[in-house]
Structure formats: C-alpha cells, structure tokens
Amino acid sequence: MLNPYMARPIDRWAEVPLDPDADLSVLDDAKIFAPPADPALWPRWREQLHRWRTEARERVAYDGSRYDDAANDCFVVDLVWMWDERLYDHHRGTFTVESYVDRARRDFGGIDGIVLWHAYPVIGIDERDQYDYYTSVPELPDVVTAFQRLGVRVFVVVYPWESVEATPVADLAAWTGADGVFLDTSKEGGEDVRAALDAVRPGITLEGESRLPLRRVHDHAMSWAQWFADTDVPGVLRAKWFERRHLPHHVRRWNRSHLHELQSAWLNGCGVMVWESVFGVWVGWSARDRALLRAMRPVQRDYGDWLRGERWTPLADHPGGDVRVYASRWEHEGVPLWTVVNRGDDHDGPWLSTDLAGAYWTELTSGVPLTVTTGDDGRTVVGGPLPAGGIAAVVATPEPVTPYATEAPSHDPTFPRRPAFRVPAPVSERRDVSPGAGVVDAARHELTVSFRVRETGLYDEAPYVDEWKPLPPRLHQTGTAHRVVELGAFAVCREEVTDAEYAEFLAATGYLPVRPQRFLAHWVDGVPPPGAGDRPVTHVELADSRAYARWAGLRLPTEDEWQVAASRGLLRRRTPLVWNLTESEHTDGRTRFAILKGGSAYVPEGSDWYFDGGERAPEFSAKLVLPGGGQARSPSLGFRCCADVRP
C-alpha cells in the first residue's frame, strides 16, 4: 500500500542521464528534471537538458507559433468554489466580484486568473450534468466580464468523467466569454476541443492537469502542475524547459505549507495555484506563504519577459561549498535577473558567484542591502542575509533601480484555522403536539454516524492533511464518526412536507425566494402536477424550507434529531424517496454546507465522484456543499418539520 504522505512513483522527479550517448527520450514524460547533488556535475546536467530539448522538439516537430501572440503572464491563478461567501452574497443572492478581487490583492498581492469551480461535489445529486451548473446561472457572463475588467482572466472547468465533447465545451466558452478551460484530471484536451475553441475566439487557453504530453505543449499554453515532487536541490519543470513561454501552475492542495511549491515556481519562472477552500474544506495559506507570494508578484509583473525568455540558466552561479542557496539566472536585453531561494537554515553569506562585474546590484523583493565583493578567482560574489525558506530577486543594472519592498517578510508558518460554525436553529416550542407526530424525550445520545469519505470531509475537518494524492481505499471508503449530543424534547413530523401542503403555504403567504431559479421547477403553471399532491415537495432549498416551517410554527429537525427519530422507527418516507434537508447549516465564512439524511430514489451512475444516492440507513449522513443561485433546488431533496416540546 502506498504511503499517502510520500510522493507516488508517477509523481517523483526524473534523474537525467549524464552519459553523452544516453537516450534522453526517457525524459519525455518527466514532471521535474532532478539535478545531481554535486554542483560540479551541474554544467554537464545543463548540457543534457539542452540536448534533450533540441532532440525532443525534433521528435514532435514542435511549432511554438501559437505562443507568439500569447501574453502568458497569468502567474497566480485562484481556484474558488463559485459560491464562496467572499464571491457570492447568499443573503442578497448577488455576486461580489470587486470586493473579492480587493481581498485577493491584500492577501496575495493580487491574482492574474480565477478558476470558477462549479459542480463537484454537488454533481450527481440528480440528473444535471456539469454544464447545467454553469448555464443555470444567468448572470455568469456578467460575472466573467466583471473579473476581466479588473484584469483577472477567468477559467471554467470540465470533468472527463462526463462528456467532454467539443461542442458543449465551445458553447460554454462562447456564452461565458471565459479566457480558458481547466481540464480536471485530464492531461490534455482533445484536438477537436482545441479546434472548436479556436473557432469561438483565438487565444482561449486549454490547461490540462499533471503531465502535459510534449506533442500538446504547442496548443496548451498552461498546465496544472498538481503533485509534482521536487528534489532538495531544486529541479527544472520539464514542460517549462521545453517551451519557456509555457506556464505551469504548482499546487499541492492538501498541504499546509506551500514553501516548496513557491520556491520551485520562483526558480522555474512559472506560476502557482491558490486553492484555499477545497470542495468545502478550509486549507488556507499561512502568513509566511502569503507574504512570499506577495513578494514574488511585482517581479512576475515587471520581469515577465525575463521569466518567459530563452536565456534561462538553472542552478546558476552557485557560490560553492555546502551553501543551500540556489538561483536561476534569466537575461533579457542584456540585463540579468537572478531568482534566489534558501533551502537551508538562516543564511548570511554569499548567494551568487558570477562573472559579471561593474554593475549596480539590487535585491528587489525586500530591498535588503547586498554585500558585493571580489573572490580570489576574480569573480563577483553577491550575498547578504536570507532567512530559512526565503526568496530573493537580484538584478545587475547599469543604473540604480528601486526595490519593491513594502512590508517585512513574515516567518509565521502557522496554519490559519477557520472553524465552521453551525447556524443556530430557530426555536419552535409547542405544548400541543400533533397527533401524528413522533415525540422524543430529552436525553443524552451517543450516536455513530457513517458517511462516504470524499474530499469534502463530513463537517469542517480536512480529510487529507499534508497528504499527497488521496486514492482508494482512503478515498470513497465508508467512514464513521462518533458524536455525543444532548437533545431537548422534540416532536418530529412522521412524513415529509408534500406538494399540496407547500401550495397551501404559498397561497397563504405569497412567498417568493430571493433567487427564483429552479424554485418548484417540477410544478406546472405554478401548481403541483395533477395527482402529485401527496408527493414530497422538492426543488426547494434551505431558505424555502425554513420559510414554510416558520409559517407552520415549526422548524426543520437537526441531523441528530432526524437520526434519533429514524432509528426509533418514528419516520415514514413518502415516494419517491428524497434526501431530507436538516437544520444543520454550517459556515466558515467561505463555504456553506448542510447535512442530508435518508437517501434518495435517484442513484447516480458512472463515477465514484458523484453525490451519494439510494436509500440510506438512519446513521448515514451526506454533506451537501451549498451552492447559490437556486442550484441547491433538486428533485432529490425535500424536507420534514419538527418542533421543540415544552414541558
């Protein structure tokens, strides 16, 4: 069994053969080219990298002309759940793009692109496909335009475990006006997809996940560099070395430290992906990592021509000895730039030993004064203090330049915890209990809860802290949790609220939801279909359910009350079987979720990534990450009511 905390063989670096006659085609599928530990071998290693690049380009008849008109300055991409509370106001039902971008500027120094994650982990709760979760948001093109006006490019996502045919992908890009398409769990997009996107608009980016094949580098300007294991002496990303204008985005989504991703991106002149809420689980960045990215941002902005240029020397100008400070050297129009990282302890000494002399030496990211001396061999030695894990950017210019330093670097790697709090349940006290209700006396209950282990977790726990890529059996297996709860006396309705009962509520109150999308979508001309009055009402979300319960002088049961009542045989299920919403809404200020109970008649087929379906035992809980815009309204979701029993 694989150790989940260690890189899988497929994710590990590739050793570069140093024999002049070695067949270097073995490197064609590498993620990262590992350097030798001995600096004396680095010149030979670089020669082999250059030879591999030349031969590999010949092998695939490489034509990089698509990159001639590509800006490729999308260094920082933010991956966000489209209904993140910073981006969508769930109370007003509106998107808040400008304030979202402002926060990103404060936290990370700004973002260049944003991936709007839309369907997983909700998809599979009913028959909607991945495109429905975009197209049912009528203002989405306006949201995309709002980001673009603020200088942020927008990417949509498609999953290969559903249809990724050319026409729907192209139609989505055309309708939204998106700048690119992220391909979840796919290394590359089909050539028909590429052609269809080109027909929509030149320049739409395709970004595959993991190891982009060499033959597709020419038409995928970016790649999603997820789970790339690097060596202690930093290596070179294969796709970036092959095409200097290609832009990979480093990400390890479950890691609480992003130091190695940031340092590798810095030395490779590539990008990073910020992903702080992973499918409803908070995995926020530490103060140190945010500060490092803020320090990188101005250099990426102003020195993009260096980082995309042909004149790149990895592991350049090392000062020798056991110094664990490493640099890449980039040159553009005669001006050299070094991106520098410290992989060791706090360092105060040489960073570079270079043949360049007679220039103004400036450290751009912090403005720390540099020490410049001449070594015994006549080379210029540049250095100064550099903390453990620190980065630097050094330029040598004919005239002085001003550094970007605006803040002191942070050295705090502490994980910024963000607990999810349950939204308080309303109180609905009754002395008189309906004859058909099931009554449970006040008591202490020891509950065992079962759930399918998905990347959502169950409540606010991160299921895979600092793990590499979670795979079965750790993924999608059945998990259990034990809860001790104190419940007051309550009475629960034995059956779900029906279409007919909900129609009575509407007639009495004229209730209208904030967002009308999908509200009672199964009704015809505003009334239940003939003969369907006794079916459980569906196509309602939590707010719609709560509104009914308030009108009836009731509330929804919590997930614990539902489980206790069901385990005692107090609940009956109407047909068709639908998941029951419970009064269990949680929020961590970024993501809202609720717990569903009971299961549904609908059973998704085709992928383990779909939502749970089928009838479920009372102890089974399913976490529904709550979308906005009415998208939680489903033919598979209904509700029942409950009341507190006053002694």
Side-chain angles (χ1 to χ4, degrees), residues 71-89 94-117 142-155 177-180 182 205 207 222 247 249-251 253 258-259 261-263 265-266 269-278 282-304 307 339 364-367 390-393 402-416 418 588-591:
N72 275 40
D73 54 357
C74 200
F75 285 98
V76 177
V77 170
D78 184 17
L79 194 152
V80 66
W81 172 238
M82 202 158 70
W83 310 104
D84 188 298
E85 292 186 79
R86 299 182 312 162
L87 179 57
Y88 181 79
D89 187 322
T94 57
F95 286 93
T96 54
V97 172
E98 187 170 347
S99 63
Y100 186 91
V101 173
D102 284 343
R103 288 191 185 98
R105 188 176 298 115
R106 292 194 296 270
D107 287 347
F108 303 106
I111 55 176
D112 303 309
I114 190 164
V115 181
L116 297 177
W117 202 272
D142 296 330
V143 172
V144 171
T145 299
F147 273 112
Q148 291 167 338
R149 285 173 178 164
L150 296 171
V152 179
R153 275 172 273 177
V154 181
F155 300 84
D179 300 279
F182 260 56
T205 299
E207 178 153 1
M222 302 178 191
L247 195 55
H249 293 107
H250 259 302
V251 59
R253 65 185 184 228
H258 299 283
L259 180 60
E261 297 153 66
L262 289 164
Q263 288 188 338
W266 191 232
C270 68
V272 296
M273 183 187 295
V274 174
W275 194 354
E276 289 199 298
S277 288
V278 179
W282 171 250
V283 195
W285 279 38
S286 69
R288 178 201 63 193
D289 294 347
R290 292 196 307 270
L292 280 174
L293 186 52
R294 287 195 299 269
M296 293 164 61
R297 298 288 290 134
V299 178
Q300 293 170 335
R301 179 192 65 222
D302 294 343
Y303 288 83
L307 303 178
T339 51
L364 295 172
T365 66
S366 67
I391 66 164
T402 303
Y404 298 111
T406 57
E407 62 174 307
S410 172
H411 306 295
D412 181 6
T414 306
F415 175 67
R418 179 183 285 268
D588 64 0
R590 296 289 295 270
T591 309

Partner residues of [X] under the side-chain hydrogen bond (donor to acceptor under 3.5 Å, both in side chains) criterion, sequence neighbours left out:
| X | answer |
| --- | --- |
| Thr414 | Asp412 |
| Asp112 | Arg297 |
| Arg301 | none |

Identify, with sequence neighbours excluded, every residue that meets side-chain contact (heavy atoms from CB on, under 4.5 Å) alongside [X].
| X | answer |
| --- | --- |
| Arg294 | Arg290, Ala291, Glu407 |
| Ala178 | Val156, Thr176 |
| Val283 | Trp254, Val278, Val281 |
| Arg149 | Thr145 |

Ionic contact status for Asp84 with Arg86, cut-off 4.0 Å: yes

Residue from Trp275, Phe155, Phe182, Trp81 passing ring-ring contact (aromatic ring centres under 6.0 Å, His included) with Trp117: Trp275

If the condition is ring-ring contact (aromatic ring centres under 6.0 Å, His included), which residues does [X] pass it with, not counting sequence neighbours?
| X | result |
| --- | --- |
| Trp266 | none |
| Phe147 | none |
| His258 | Trp285 |

Please examine the side chains of [Y] and [X], heavy atoms only from C-beta on, and report whether any two atoms are closer than 4.5 Å.
| X | Y | value |
| --- | --- | --- |
| Tyr303 | Thr339 | no |
| Leu87 | Phe95 | yes |
| Leu364 | Pro298 | no |
| Val274 | Ile111 | no |
| Gln300 | Val76 | yes |
| Glu276 | Arg418 | no |
| Leu262 | Leu293 | yes |

Salt bridge (Lys or Arg N to Asp or Glu O under 4.0 Å) partners of Arg103, counting only residues at least two apart: none

Results of salt bridge (Lys or Arg N to Asp or Glu O under 4.0 Å) for Asp142 - residues two or more places apart only: none

Worked verdict on Val80 versus Leu116 for side-chain contact (heavy atoms from CB on, under 4.5 Å): CA-CA 6 Å; Val80 66; Leu116 297 177; 4.0 Å; yes

Cys270 backbone acceptor or donor facing His250 side chain under 3.5 Å: no

Gap between atom CD1 of Ile391 and atom CD of Gln263 - 0.5 Å precision: 8.5 Å

Approximate separation, where rounding is to 0.5 Å, of Asp302 CG and Leu307 CG: 10.5 Å

Smallest separation among heavy atoms of Gly269 and Phe75, with atom names: O-CE2, 3.6 Å

For Leu292 against Leu259, the heavy-atom pair lying closest together: CD1-CD1, 3.6 Å

